[in-house]
Amino acid sequence: MILAVLSERPAHGYAVIESLRRRSGGVFELPEGTVYPELHRLEAEGLLSSSWETTTGRRRRVYRLTRRGRTALGARRSEWRAFARAVDGVLT
Amino acid sequence: MSWLDELELELKGAGVPAAQRRRIIAEFADHLASDPGCEERLGSPAALAPLLAEVHLVPRTKRGSVLACVVAVATLLVCLWIIGTYVRSSNDWAAIACGKACKPSTVEHIRQRGPWRERILSDSLWAIPLAVAAALGGTAITLLVYRPRGSRRAAA
């Protein structure tokens, strides 16, 4: 989900959390702090890159998707769609 | 104590390096500035620190393992070099141990001699104690360099 949010545009941690909440219609009410370890893990795996940027006088760590991240997002989307179709097939 | 101070203490206790701690604290400080009073939604520092340490301790452990291997290999080479230095004058065993090329006649000459231990002891009583001292020194450095994952957390 984080990869999907960042595929639209680079964003800092708080914006990622806000976007997750907005796009899920408030369904995903995660403990906000847990998003940061996940951002750091994705960066360590090379799926994200990050840098400090100063916007409106504030220094912020901005994350963006790498090429590997984009490929991983495509693969995970396909896996999820196949899984969702399978569950849907069983339930309906 | 503020939420950020508490997080910094927890990260320190979990063994997260100072540079990484500064980065994490700066990110959370920005988050708190964007949404004042959101500490409760961020979760408890005690619960967050192990999750962050999980990510930031791995590269350090990898570096430690590589360094430990380098020290172990260097120790082995130093031991071989010490033994080689002491026994080179009277036979070619050290030349073989150090991977130097030998003529077939040299190999035959060595075959006709006794066990290598006897040759070393007869050539110099100092060879083995020095090699052992080098090995012990290398082991001590390896132990200092290598920190298995989680050992710092357990110590804290």
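Note that the structure is predicted; figures quoted are calculated from it, not measured. As a basis for the values below, the full set of heavy atoms in this structure was taken, side chains included, without hydrogen atoms, waters or symmetry mates. Letters go in sequence order (proteins before strands), and every chain restarts at 1.
A:Pro37 and B:Leu51 get closest at one heavy-atom pair: CG-CB, 3.8 Å. Shown here for B:Ser34 and A:Arg60, the closest heavy-atom pair between the two residues is OG-NH2, 2.7 Å. Scanning both residues, B:Leu52 and A:Tyr36, for their nearest heavy atoms gives CD2-C, 4.4 Å. When all heavy atoms of A:Ile17 and B:His31 are compared, the closest pair comes out as CD1-CE1, 3.4 Å.
Under a cut-off of 6.0 angstrom, the local environment of CZ in A:Arg9 is sparse, with at most 12 non-hydrogen atoms contributed by other residues, nucleotides or ligands. Within a 6.0 Å sphere centred on CH2 of A:Trp80, heavy atoms belonging to other residues, nucleotides or ligands number 12 at most.
Using a 4.5 Å cut-off between heavy atoms, A:Arg41 contacts chain B through both its backbone and its side chain. Residue B:Ala29: no heavy atom, backbone or side chain, is found under 4.5 Å from chain A. Proximity to chain B is absent for every atom of A:Glu18, based on heavy atoms less than 4.5 angstrom apart.
The choice from A:Glu43, A:His12, A:Glu38 that makes the most heavy-atom pairs within less than 4.5 Å of chain B is A:Glu43.
One side chain, B:Glu27 or A:His40, offers a donor N or O that lies under 3.5 Å from an acceptor on the other.
Ion pairing between a basic and an acidic side chain is recognised when a charged N comes within 4.0 Å of a carboxylate O; A:Arg61 and B:Asp30 show no such pairing.
Residue A:Leu6 is not grouped with residue A:Val62 when hydrophobic side chains (ILVMFWY) are merged at heavy-atom distances under 4.5 angstrom, including chains of intermediate members. Hydrophobic cluster membership differs between B:Leu11 and B:Leu9, with clusters built from Ile, Leu, Val, Met, Phe, Trp and Tyr side chains linked at under 4.5 angstrom. Neither A:Val90 nor A:Phe83 shares a network with the other; the hydrophobic side chains, linked directly or stepwise wherever heavy atoms of I, L, V, M, F, W or Y lie under 4.5 Å apart, form separate groups for each.
Among residues at least two apart or in separate chains, ring-ring contact (aromatic ring centres under 6.0 Å, His included) pairs with a member in residues 1-20 of chain B are B:Trp3-B:Phe28.
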